[in-house]
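Shown next, in structure tokens, is the structure this report addresses.
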There are 2 protein chains.
Amino acid sequence: MEKLDHLDRRLLKILQRDCARSLEDLGADVGLSRNAVWRRVRALEEAGIIRARVGLLDPEKLGLGLTVFMLIKAGRHSPDWLERFSQVTRDMPEILGVYRMTGELDYMIRARVADVGAYDRLYRDLISRIDLHDVSASFVMEEIKDTTALPL
Amino acid sequence: MEKLDHLDRRLLKILQRDCARSLEDLGADVGLSRNAVWRRVRALEEAGIIRARVGLLDPEKLGLGLTVFMLIKAGRHSPDWLERFSQVTRDMPEILGVYRMTGELDYMIRARVADVGAYDRLYRDLISRIDLHDVSASFVMEEIKDTTALPL
DNA sequence: GATGAAATGATTACTTA
DNA sequence: TAAGTAATCATTTCATC
């Protein structure tokens with residue numbers, strides 16, 4: 001896919017906030033026929049620019065009121081260790097994000113759990129599966145902002 | 001809305017990975033007629049358990065290859081300061097997440113930018129708008145996992 | 001929870017600029 | 001190459017059982 005033009009950007013801007021809008025509706029917003037919109041959206045999907053359309057659930061209502069960030073030092077730094085760490089964290093559904101970082105801390109984990117007790121179980125579970133040198137947790141008291149919408 | 005049953009959970013599990021599936025399709029997966037699925041999904045939306053349906057875009061393909069976490073100490077702790085901090089960060093589209101934390105650091109910001117230069121502009125922009133005592137940045141070298149799907 | 005009708009929306013083929 | 005028109009096909013929505 002070639003460069004995005006102004007209309008592509010406007011469509012993406014809308015779709016990354018609400019992907020349930022009809023083509024007609026989108027067309028009215030950006031000033032195109034529903035077909036022109038359809039073709040553009042399909043091209044954006046095929047190019048992988050739109051990676052997925054997903055439902056965003058309310059964590060509070062599902063009993064997942066606590067977000068925790070875990071700051072991790074690895075201890076070991078072999079490729080095997082990283083491979084295992086990746087596998088283990090990908091397999092744990094409470095873990096939503098795992099990032100290898102620059103700076104003092106080696107890795108950061110973002111997780112969603114019910115409460116501090118559930119975090120403790122997650123922590124024990126994790127360290128039983130993989131060797132970690134140092135782990136410290138920071139809990140989120142307030143989510144001031146949290147969006148999946150990228151700047152366009 | 002009353003408690004979620006097994007079928008609700010199965011539907012949510014599917015929808016939070018792909019919300020473009022047809023009702024028929026979903027029904028085949030969970031063993032329900034399209035209409036039974038329709039009613040359940042609508043109830044989940046009305047209860048706010050499904051908060052939104054959004055398109056997830058590929059940050060790399062949009063020239064936003066760098067994720068940065070900013071660890072922030074506030075300096076001031078007045079309600080006014082917090083109000084202004086919230087407003088300022090909500091207004092900056094590169095900033096995707098802002099969290100008030102327990103522990104030593106007061107706030108954490110998650111942002112997406114093109115490169116280190118773009119981060120520097122974001123940083124300057126932020127500190128020009130709000131008084132911050134201490135800011136340190138950690139860049140993401142590798143995204144091992146990053147999902148919007150909650151554990152069900 | 002199921003059935004089926006009516007309304008809406010998505011997709012295709014074709015035409016135009 | 002990109003967009004519009006119109007016909008067709010699929011899906012959603014809703015009344016009724």
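Hydrogens, waters and symmetry mates are skipped; everything else that's a heavy atom, side chains included, is used. Lettering follows sequence order; numbering is per chain, from 1.
- Separating the CG atom of B:Leu32 from the C1' atom of C:dA2 is a distance of 10 Å, rounded to the nearest angstrom.
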B/S/- along nucleotides 10-17 of chain C (protein heavy atoms under 4.0 Å) is SBBB----
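- Residues B:Met70 and B:Trp81 are members of one and the same hydrophobic cluster, defined by side-chain heavy-atom contacts under 4.5 angstrom among Ile, Leu, Val, Met, Phe, Trp and Tyr.
- Against DNA chain C, the stretch residues 11-18 of chain B makes no heavy-atom approach under 4.0 Å.
- The distance from atom CZ of B:Arg53 to atom C1' of D:dT12 is 11 Å, rounded to the nearest whole Å.
- The separation between B:Glu45 atom CD and D:dT13 atom C1' is 13 Å, rounded to whole Å.
- Residues A:Tyr99 and B:Phe69 bring their aromatic ring centres within 6.0 Å.
- The number of heavy-atom neighbours closer than 6.0 Å to NZ of B:Lys145, taken from other residues, nucleotides and ligands shown, is above 12.
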Between A:Thr148 and A:Gln16, does the side chain to side chain donor-acceptor pair (under 3.5 Å) criterion hold? Intermediate values first, please.
CA-CA 7 Å; A:Thr148 55; A:Gln16 72 174 341; over 6 Å; no
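- Taking the six-membered ring for Trp and thresholds of 30 and 60 degrees, A:Phe139 and A:Tyr119 have ring planes more than 60 degrees apart, a perpendicular arrangement.
- Regarding A:Leu26, its CG atom lies at a distance of 11 Å from the P atom of C:dG9, rounded to whole Å.
- Nearest approach of A:Gly27 to A:Val37, heavy atoms of both residues: CA-CG2, 3.5 Å.
- Shortest non-hydrogen contact noted between B:Leu64 and A:Pro151 is CD1-O, 3.6 Å.
- In terms of heavy-atom proximity, B:Val68 sits nearest to B:Ala137 at CG2-CB, 4.0 Å.
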